[in-house]
2 protein chains.
Amino acid sequence: MDLALKAIAEPRRREILRLVWTSELAATDIASHFDDVTRSAISQHLGVLRRAKLVAERRDGNRRLYRANPEELVALRTFLERYWASGLERLQDAAEAAQRIKEM
Amino acid sequence: MDLALKAIAEPRRREILRLVWTSELAATDIASHFDDVTRSAISQHLGVLRRAKLVAERRDGNRRLYRANPEELVALRTFLERYWASGLERLQDAAEAAQRIKEM
DNA sequence: AATCTACGTAAGCAGTCGCTTACACTGACC
DNA sequence: GGTCAGTGTAAGCGACTGCTTACGTAGATT
């Protein structure tokens, strides 16, 4: 889980993840979306996402097709929601109250 | 925003953040919750959280009192929710459908 | 078989991280 | 004023990161 959070903390990986969010893409196609970085760098990012189980890999001849792994994404979201839930509502109320006071 | 996500990706900092979630705490009190790490390390973690605006600092004589900054926490949560929203529902549906098929 | 395409991976590098120890500073207390 | 408690910060260290270049390898194409 910590792996997943650390993986998500990197902007480039968030973008990659969004690319394979809805459709399966080959590594080369993913890499070609980034013109300021090597194909190798993207491959390594894909490795991180794979180890974090945020993407799944499927082989098709030469190519490797990637897609987001919904179970793990849901797990991550749930983890964070539980984290927020451990006290944020109260804080949000406090923040909104403070805002109202400021606007008075 | 990226600062906040990176800050949250570190388990120790998540724990610190939770400590000052609901009540204000002095740096020493925070540090004393961790017995496997130096007070200095905690102070540096607090620096990271402060720069990410996830905590606010208030001085009281000798001491510095920390508390979570609700605005930034809400901003981070919103950012992530928008990220999930950019396609996760569909994936979640797909995952649940796959689960149902597996259970058949 | 030779070669090309698609990809992972090893090596190396500069930068960052999380940590420790050591020091500096600022208020409280005598 | 001198000391003490509370705290940030500089320096240094080993580990890790994100990147590049270079290489390896499996499958498609000829």
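Quick note on labels: first sequence line is chain A, next is B, and so on, each numbered from 1.
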How long is the line joining [atom1] of [X] and [atom2] of [N], in whole Å?
X	N	atom1	atom2	answer
B:Arg63	D:dG8	CZ	P	12 Å
B:Glu15	C:dG18	CD	C1'	15 Å
A:Arg64	C:dT9	CZ	P	7 Å
A:Asp35	D:dT20	CG	P	11 Å
A:Arg39	D:dT20	CZ	P	11 Å

Gap separating the [atom1] atom of [X] from the [atom2] atom of [Y], nearest 0.5 angstrom:
X	Y	atom1	atom2	result
A:Lys6	B:Glu10	NZ	CD	5.0 Å
A:Thr22	A:Leu19	OG1	CG	9.0 Å
B:Trp84	A:Leu76	CH2	CG	4.0 Å
B:Ile16	B:Ile42	CD1	CD1	4.0 Å
B:Glu15	B:Ile30	CD	CD1	11.5 Å
B:Leu54	B:Leu46	CG	CG	11.5 Å

* Under 4.0 angstrom, heavy atoms only, what part of the nucleic acid is A:Ala31 near: base, sugar-phosphate, or nothing? -> nothing

* Look at all strands and tell whether A:Val37 reaches a base, only sugar-phosphate, or nothing, counting heavy atoms closer than 4.0 Å. => sugar-phosphate

* Asked: Would you say B:Thr38 reaches C:dC19's phosphate, i.e. side-chain N/O to OP1/OP2 under 4.0 Å?
  -> no

* Taking only the side-chain nitrogens and oxygens of A:Tyr66, find out if one of them lies under 4.0 Å from OP1 or OP2 of C:dA6. => no

Might you list the N or O atoms of the protein lying below 3.5 Å from N or O atoms in nucleotides 13-15 of chain D, with each pair's distance?
none

Specify the residues of [range], ordered by number, for which at least one heavy atom lies under 4.0 angstrom from an atom of DNA chain D.
range	answer
residues 50-60 of chain A	none
residues 40-47 of chain B	B:Ser40, B:Ser43
residues 2-13 of chain B	none

* Counterpart residues, salt bridge (charged side-chain N to carboxylate O under 4.0 Å, His left out), relative to B:Arg18 (two or more places apart) -> none

* **With sequence neighbours excluded, residues passing salt bridge (charged side-chain N to carboxylate O under 4.0 Å, His left out) with B:Arg12** => B:Asp36

* **Residue pairs passing the salt bridge (Lys or Arg N to Asp or Glu O under 4.0 Å) test where at least one lies in residues 44-56 of chain B, sequence neighbours excluded** => B:Arg50-B:Glu57

* To do: Please confirm whether the backbone N or O of B:Ala31 pairs with a side-chain atom of B:Arg39, one donor and one acceptor, at under 3.5 Å?
  => no

Set of side chain to side chain contact (heavy atoms under 4.5 Å, CB included) partners for [X], sequence neighbours left out:
X	result
B:Ala26	B:Asp29, B:Arg63, B:Leu65
B:Arg67	B:Glu24, B:Ala56, B:Pro70
B:Thr78	B:Val74, B:Arg82
B:Arg14	A:Asp2, A:Leu5, A:Phe79, A:Tyr83, B:Ile8, B:Pro11

* **B:Tyr66 to B:Ala27 - nearest heavy-atom pair and separation** => CE1-CB, 4.1 Å

Please produce a list of atom pairs where a protein N or O lies less than 3.5 Å from an N or O of nucleotides 3-5 of chain D.
residue	atom	partner	partner atom	Å
D:dA5	N3	B:Asn62	ND2	3.2

* Is the shortest heavy-atom distance from the side chain of A:Val20 to the side chain of A:Leu49 under 4.5 Å? -> no

